[in-house]
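So the structure is just underneath, and the comments pick up after that.
The basis for the numbers below is simple: all heavy atoms, side chains too, and nothing from hydrogens, waters or symmetry mates. Since the structure is predicted, the reported quantities are computational estimates derived from the model, not experimental observations.
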Amino acid sequence: MLITLADLTVEITDPSKTVADYVKEYLADDSFAGDAAFSVAGNDILELHRAIAEKIPLFDRLVCHGAVIEAEGQGIMFTAPSGTGKTTHVKLWQKYCEGPVRVINGDKPVLRLNRGADGKDRVTAFGTPWMGKERMGENTSVRLDALVLLERGKENRIRKADPAESLERLMQQIYIPADRSAADETYALTEMILRSVPFYILECTPDERSAEEARRGIFGN
């Protein structure tokens, strides 16, 4: 079985029926067999995720724990430790923000670093089959324009973070491979991502004012 994930063709060997059903929206045509970047076993959904996360940093990609949306033509990723309220915050954007809010991935997107024709590094966030228990997301991608770390607070306040603070906090939400070479690539990619995408810290409450504050801080209006 072949899937296309973050513009990579991946071969899944001996997939279980559960795995085959789980990744069906990402199936690739068999004609891509010779283009597979790597092969992984397909017995278990979580093991499949780990196997892919271990390998993709060698292809300028990494897995991050977060939720990615597209709003007002911009891609935004909200990241935070589990249980902080990423899904709640995304739903607040969907309910209260002007215009449609599209969820790219609700739990484990893949981020890809690539260089544009102008020589500037850009980051693209891709949907994956691993969308969280709410199953929020789709097989698509968006250019990432902002990274937002959510923190629970008594009031809603957003600020830009300095590079050192950003790196320390974001690394806590990045999958770090066991393989040394892949881990080194992950650290390097994370640093380059933070040089390419503005990073914000949002102290927030679980009401619509948090979405309004985030939108104001990111969009400036």
Side-chain angles (χ1 to χ4, degrees), residues 5-7 49 52-53 56-57 60-94 97 99-114 121-152 156 158-163 165-176 186-187 189-204 210-220:
L5 189 70
D7 286 342
H49 173 262
I52 291 173
I56 60 172
D60 296 328
R61 296 155 172 84
L62 54 78
V63 173
C64 187
H65 176 223
V68 177
I69 66 171
E70 183 179 20
E72 299 186 32
Q74 296 197 45
I76 306 164
M77 185 174 82
F78 303 104
T79 185
S82 296
T84 304
K86 294 185 303 300
T87 301
T88 298
H89 192 71
V90 167
K91 289 180 178 179
L92 289 173
W93 275 69
Q94 290 177 312
C97 286
V101 174
R102 184 184 192 187
V103 181
I104 307 300
N105 186 269
D107 190 42
K108 292 182 175 67
V110 167
L111 305 185
R112 178 190 182 187
L113 184 76
N114 59 293
D121 288 333
R122 289 184 172 81
V123 180
T124 304
F126 291 85
T128 72
W130 296 274
M131 297 180 283
K133 61 184 179 181
E134 295 84 6
R135 307 300 297 160
M136 297 171 64
E138 54 185 282
N139 183 5
T140 189
S141 63
V142 67
R143 187 186 70 188
L144 199 60
D145 297 294
L147 284 159
V148 182
L149 177 80
L150 301 180
E151 293 182 344
R152 289 178 177 172
N156 297 297
I158 191 170
R159 63 180 175 86
K160 274 194 173 182
D162 63 70
E165 183 181 24
S166 303
L167 180 61
E168 178 183 357
R169 291 177 182 238
L170 185 58
M171 285 303 303
Q172 296 174 17
Q173 307 304 324
I174 299 290
Y175 183 93
I176 309 298
T186 300
Y187 295 130
L189 284 169
T190 304
E191 290 182 356
M192 288 187 282
I193 286 170
L194 286 173
R195 289 200 296 266
S196 306
V197 182
F199 191 91
Y200 301 84
I201 294 176
L202 174 66
E203 298 177 41
C204 58
S210 65
E212 293 169 358
E213 176 69 6
R215 183 185 175 281
R216 180 197 61 77
I218 297 167
F219 298 150

Side chain to side chain contact (heavy atoms under 4.5 Å, CB included) between Asp7 and Phe126, worked out:
CA-CA 9 Å; Asp7 286 342; Phe126 291 85; 3.6 Å; yes
Full working for side chain to side chain contact (heavy atoms under 4.5 Å, CB included) between Ser196 and Leu113:
CA-CA 9 Å; Ser196 306; Leu113 184 76; 4.0 Å; yes
For Thr124 and Val110, what are the C-alpha separation, side-chain angles and deciding distance, and is it a side chain to side chain contact (heavy atoms under 4.5 Å, CB included)?
CA-CA 8 Å; Thr124 304; Val110 167; over 6 Å; no
Given Leu189 and Arg61, is the side chain to side chain contact (heavy atoms under 4.5 Å, CB included) satisfied, shown in steps?
CA-CA 8 Å; Leu189 284 169; Arg61 296 155 172 84; 5.8 Å; no
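A salt bridge links Arg102 with Glu138: the distance from a Lys NZ or Arg NE/NH1/NH2 to an Asp or Glu carboxylate oxygen falls below 4.0 Å. For the pair Arg112 and Asp60, the salt-bridge criterion is not met [side-chain N within less than 4.0 Å of a carboxylate O]. Looking at Arg215 and Glu72, a side-chain N of the basic residue comes within less than 4.0 Å of a carboxylate O on the acidic one, giving a salt bridge. Residues Glu213 and Arg216 are paired through a salt bridge, judged by an N-O separation under 4.0 Å between the basic side chain and the carboxylate.
Between the side chain of Arg169 and the backbone N or O of Leu149 there is no donor-acceptor pair closer than 3.5 Å. Remark: side-chain polar atoms of Asp121 are not paired, donor with acceptor, to backbone N or O of Met192 under 3.5 angstrom.
In this structure the side chain of Val101 never reaches within 4.5 angstrom of the side chain of Glu70, judged on heavy atoms. Between Glu151 and Leu202 the shortest side-chain heavy-atom distance does not fall below 4.5 Å. A heavy-atom distance below 4.5 Å is found between the side chains of Met77 and Cys64. Residues Asp107 and Lys133 fail the side-chain proximity criterion, which asks for heavy atoms closer than 4.5 Å. Contact check for Leu92 versus Ser210: side-chain heavy atoms found under the 4.5 Å cut-off. Residues Leu5 and Thr128 have side chains in contact (heavy-atom distance under 4.5 Å, counting atoms from C-beta outward). In this structure the side chain of Ile76 reaches within 4.5 angstrom of the side chain of Phe219, judged on heavy atoms. Using a 4.5 Å heavy-atom cutoff, the side chains of His89 and Trp93 are in contact.
Across Ala146 and Tyr200, no two heavy atoms sit closer than the pair CB-CE1, 3.9 Å. Residue Val197 comes nearest to Leu144 through the heavy atom pair CG2-O, 3.7 Å, listed as atom of the first residue, atom of the second, then distance. The shortest non-hydrogen separation linking Leu111 to Ala125 is CD2-CB, 3.7 Å. In terms of heavy-atom proximity, Asn105 sits nearest to Gly127 at CB-CA, 4.1 Å. The heavy-atom pair separating Leu150 from Cys204 by the smallest distance is CD2-SG, 4.4 Å. Considering every non-hydrogen atom in both Ser82 and His65, the closest pair reads OG-CE1, 3.4 Å.
Distance check, rounded to the nearest 0.5 Å: OG1 of Thr79 to CG of Leu147 gives 8.0 Å. Between the NZ atom of Lys160 and the CD atom of Glu165 there is a distance of 13.5 Å, given to the nearest 0.5 Å. To the nearest 0.5 angstrom, Met136 atom CE is 6.0 Å from Lys91 atom NZ. Taken to the nearest 0.5 Å, the CG atom of Asn156 stands 9.5 Å off from the CD atom of Glu203. Here the OH-CG distance, from Tyr187 to Leu167, works out to 10.0 Å after rounding to the nearest 0.5 Å. Taking CD of Glu212 as the reference point, atom CD1 of Ile158 lies at 13.0 Å (rounded to 0.5 Å).
A side-chain contact (heavy atoms from CB on, under 4.5 Å) with Phe78 is found for exactly one of Val90, Thr87, Val68, namely Val90.
Between Tyr175 and His49, the two ring planes are perpendicular [angle over 60°; tilted spans 30° to 60°].
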